[in-house]
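The first residue of the sequence shown is numbered 1, and numbering continues consecutively from there. Only heavy atoms go into these numbers, but all of them, side chains included; no hydrogens, no water, no symmetry mates.
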Amino acid sequence: MNRKKIVAGNWKMNKTLSEAIELMSGILKNPGDNSVTKIVFPPYPVISAITNFVGASGSFSTGAQNCSEHASGAFTGEVSAAIIKSIGCKYVLVGHSERRQYFGETNAISSKKIKLALENKLNVIYCIGETLAERKANTHFDVVKTQLTEALQGIDPTNIIIAYEPVWAIGTGETATQAQAQEMHAHIRVCLKNLFNSDVANNTPILYGGSCNAQNAAELFACPDIDGGLIGGASLKADDFCKIIRSF
Ligand code: PEP
């Protein structure tokens, strides 16, 4: 088993064009070694500029934070997987908890997006995770299992990365403990084994996300089933993001 190590920065709805270039040039000053796959997810209008900016360095890939559940057509304001692919992106985030919470994205919608992304040869980071109420009710393992099953059933999992992001830890400063994160990542591998097979369970990278930062990344990345991080807030500061990349 030789899973990829991955650190991905989700910039969310932050950074104007000039701010994004400034952030990326800061990151490129200290990009870490090539053993880590590094990805940034800028806001849509800024992706092309960042893709071109990092192009020469070859050390970073870019991705989109979302894609449409439709292939093309009259869907004002939406962006298709094909368009995302056409501007040089290699990745797309699907099912982020903010998409689920604020834009009504269900597992079924995530599934449609994943299919279109894969058809367009994009790699998918599929985000899953329970709310605080679900953890308190002790349903967190079932919630995550359902998120995996409903979105991934019948899909070729080869180009899928999972990000486990407990909703209660996203942007709150409250991180899952090493034990909580490892326990859930191990559970996700069992779900992947049941849904697909042992090879898929062993080879699929599973990232942790939720207030992961330069101080706690090393402890989390040391867990046997954690293959890296999906980073929100701390990816907006070049020094912190570069420290996280060097936390393996
Ligand atoms: C995220 O939104 O994917 C995330 C992990 O955010 P933060 O690191 O800010 O908690």
Side-chain angles (χ1 to χ4, degrees), residues 2-67 79 81-96 117-118 120-127 158-163 165 170 204-214 216-218 220-221 226-248:
N2 193 15
R3 288 192 297 269
K4 278 186 195 162
K5 298 174 194 162
I6 302 170
V7 174
N10 174 12
W11 295 358
K12 309 194 184 187
M13 199 173 70
N14 295 295
K15 304 293 172 188
T16 61
L17 178 58
S18 59
E19 290 166 349
I21 299 277
E22 193 187 336
L23 171 60
M24 200 64 230
S25 43
I27 295 170
L28 288 178
K29 282 190 189 130
N30 201 353
D33 68 54
N34 288 336
S35 65
V36 180
T37 299
K38 292 159 282 192
I39 315 158
V40 290
F41 290 87
Y44 280 140
V46 171
I47 298 174
S48 273
I50 296 297
T51 306
N52 296 337
F53 191 71
V54 297
S57 79
S59 54
F60 275 79
S61 297
T62 54
Q65 297 169 19
N66 182 31
C67 70
V79 178
I83 296 170
I84 290 165
K85 177 69 182 178
S86 76
I87 59 167
C89 278
K90 293 201 179 136
Y91 293 85
V92 63
L93 291 182
V94 175
H96 191 280
L118 296 178
N120 284 283
K121 308 271 180 274
L122 288 162
N123 299 287
V124 171
I125 300 187
Y126 177 51
C127 305
T158 316
N159 294 319
I160 304 252
I161 296 159
I162 304 294
E165 302 203 298
I170 295 183
T204 301
I206 308 178
L207 314 183
Y208 170 80
S211 299
C212 183
N213 58 40
N216 60 29
L220 289 160
F221 295 177
I226 298 183
D227 304 307
L230 177 56
I231 317 297
S235 74
L236 299 173
K237 294 178 211 124
D239 286 353
D240 286 7
F241 191 56
C242 292
K243 270 190 206 138
I244 295 170
I245 292 168
R246 291 196 305 275
S247 294
F248 290 94

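L207 has its side chain out of reach of I226: every pair of non-hydrogen atoms, C-beta onward, lies at least 4.5 Å apart. Residues T51 and I87 form no side-chain contact, since every pair of their non-hydrogen atoms from C-beta on lies 4.5 Å or further apart. A 4.5 Å side-chain heavy-atom check between P42 and K15 finds every atom pair outside the cut-off. Within the 4.5 Å cutoff, no side-chain heavy atoms of F41 are placed close to those of S235. With a 4.5 Å cut-off on side-chain heavy atoms, I6 and V36 do not count as touching. Residues F248 and S35 have side chains not in contact (no heavy-atom distance under 4.5 Å, counting atoms from C-beta outward). In this structure, the side chains of V7 and I231 come closer than 4.5 Å at one or more pairs of heavy atoms.
Within a 6.0 Å sphere centred on CG of N30, other residues, nucleotides and ligands contribute more than 12 heavy atoms. For E22, the CD atom sits in a loose shell: 12 or fewer heavy atoms of surrounding residues, nucleotides or ligands are nearer than 6.0 Å. For K237, the NZ atom is loosely surrounded, since the number of other residues' heavy atoms within 6.0 Å does not exceed 12.
We find the CG-OG distance between L28 and S59 to be 5.5 Å, quoted to the nearest 0.5 Å. Atom CG in L230 sits 8.5 Å away from atom CD1 in I39 (nearest 0.5 Å). The distance from atom SG of C67 to atom OH of Y44, rounded to the nearest 0.5 Å, is 6.5 Å. Here the CG-CD1 distance, from N66 to I84, works out to 7.0 Å after rounding to the nearest 0.5 Å.
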Pair N213-D240, side-chain contact (heavy atoms from CB on, under 4.5 Å): steps then yes or no: CA-CA 7 Å; N213 58 40; D240 286 7; 5.9 Å; no

V40 vs F241, side-chain contact (heavy atoms from CB on, under 4.5 Å): CA-CA, chis, key distance, verdict: CA-CA 10 Å; V40 290; F241 191 56; 4.2 Å; yes

Step-by-step side-chain contact (heavy atoms from CB on, under 4.5 Å) determination, S61 to T37: CA-CA 8 Å; S61 297; T37 299; 5.6 Å; no

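With hydrogens and angles disregarded, no donor-acceptor distance shorter than 3.5 Å links the side chain of N120 to the backbone of L122. Not a single donor-acceptor pair under 3.5 Å links the side chain of E165 to the backbone N or O of C127. Judged by distance alone, the side chain of N14 and the main-chain N or O of W11 form a donor-acceptor pair under 3.5 Å. Not one N or O on the side chain of K29 forms a donor-acceptor pair closer than 3.5 Å with the backbone of M24. Formation of a donor-acceptor pair under 3.5 Å by the N216 side chain with backbone atoms of S211 is found in this model.
Salt-bridge annotation for K5 and D227: absent, with no side-chain N of the basic residue lying under 4.0 Å from a carboxylate O of the acidic one.
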